[in-house]
Amino acid sequence: GAVVSQHPSRVICKSGTSVKIECRSLDFQATTMFWYRQFPKQSLMLMATSNEGSKATYEQGVEKDKFLINHASLTLSTLTVTSAHPEDSSFYICSASGTGDLEAFFGQGTRLTVV
Amino acid sequence: KQEVTQIPAALSVPEGENLVLNCSFTDSAIYNLQWFRQDPGKGLTSLLLIQSSQREQTSGRLNASLDKSSGRSTLYIAASQPGDSATYLCAVRVNDMRFGAGTRLTVKP
C-alpha cells in the first residue's frame, strides 16, 4: 500500500506555545487529507477534511483558529496547534487518499503532550 | 452526518474460536468501508477495504462483508489467536471518513 509519513511521532511542548505536525504522502498524490484526534480509550474523531488547494472543512466544535490546517501541495498537509493547552494533549493522526478507489492511508500518529 | 456504530464494544474469547464483529452506518451512499486494527498506544493497521460495489473481501483468516443497502458490515475472524487481541475499528468513506467507536477484542490463550 501507499505510504503516509507523519512527523513528529511524539512532542512535548509548554502551555501557550504552538506545535506543527506534518503529514506527507510519499508515493502518491493526496488530493484529500483527514486529520483526527484520539483521546485515551476513545475512537478517532474527525477534526477536519482538507482538499489540496482549498480551505479545510472543520467539524462542529473544532476551532479553526486554534487548529490551523494547510494543504498547499499534493504531498503535504500540516496541522498547527496554536496556543496549546494541557487539554489539547492527545493522539493526532492524519490520513491521505488520492483519486481512484479512495482508499485512505494513515500516518503513524503524533502523541502531543502539553505541560 | 454519517453515524457509525460498532457492536460489541468489547469481546473476550478463548483461543481458536471464530468470531464476528459488527459495524453499522446510517448513510448508505458510501464510497467504501475499511476495517482497521489498533494496538494500545499505536497507530492504525489497515486490514480490509471494501468498495461500495463489492460484497466482501478476504485476507487470510479475515473476511469482511458489506451490505450497503442495510448499512451493515461484518468482520469475521477465523480461528482466533492471542495475537489478534487489539481494538478493531471500521470506517466509512463518503466525502469525509468516519470511524466507529471500535470493538476491543481479547483472545485468551
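Each chain gets a letter, A, B and so on, in the order its sequence line appears, and its residues count up from 1. Atom set for the values below is all heavy atoms of this structure, side chains included, hydrogens, waters and symmetry mates excluded.
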Is the number of heavy atoms from other residues, nucleotides or ligands within 6.0 Å of CZ (B/R55) greater than 12?
no
Residues of residues 96-109 of chain B within contact distance of chain A, non-hydrogen under 4.5 Å:
B/D96, B/M97, B/R98, B/F99, B/G100, B/A101
Flag yes if A/V114 and A/V11 sit in one hydrophobic cluster, no otherwise; membership is Ile, Leu, Val, Met, Phe, Trp, Tyr, and two members link when side-chain heavy atoms are under 4.5 Å apart.
yes
Around atom NZ of A/K66, are there more than 12 heavy atoms of other residues, nucleotides or ligands at under 6.0 Å?
yes
Considering residues, nucleotides and ligands other than A/H85, do more than 12 of their heavy atoms fall under 6.0 Å from its NE2?
yes
For the CG atom of B/N95 and the CG atom of A/N51, what is their distance to the nearest 0.5 Å?
8.5 Å
Sort A/L44 into side chain, backbone, both or neither according to what part of it lies under 4.5 angstrom from a heavy atom of chain B.
both
Any residue of residues 35-48 of chain B which, by heavy atoms, sits under 4.5 Å from chain A
B/F36, B/Q38, B/G41, B/K42, B/G43, B/L44, B/S46
Between A/L46 and B/L89, is there a shared hydrophobic cluster once you connect ILVMFWY residues whose side-chain heavy atoms come closer than 4.5 Å?
yes
Find out if a path of hydrophobic residues (ILVMFWY) with successive side-chain heavy-atom gaps under 4.5 Å connects A/V81 to A/M45.
no
So which part of A/T32 gets closer than 4.5 Å to some heavy atom of chain B, the side chain, the backbone, both or neither?
side chain
Under a single-linkage definition using a 4.5 Å side-chain heavy-atom cutoff for Ile, Leu, Val, Met, Phe, Trp and Tyr, are A/M47 and A/F106 assigned to the same hydrophobic cluster?
no
Count the heavy atoms belonging to other residues, nucleotides or ligands that lie under 6.0 Å from CZ of B/R72, then report whether that count exceeds 12.
no
For A/Q42, which atoms come within 4.5 Å of any heavy atom of chain B: side chain, backbone, both, or neither?
neither
Given a strict heavy-atom distance threshold of 4.5 Å, which part of A/Q6 is in contact with chain B: side chain, backbone, both, or neither?
neither
Could you check if a side-chain atom of A/E103 sits within less than 4.5 angstrom of a side-chain atom of B/R93, using non-hydrogen atoms only?
no
Find out if a path of hydrophobic residues (ILVMFWY) with successive side-chain heavy-atom gaps under 4.5 Å connects A/V19 to A/F67.
yes
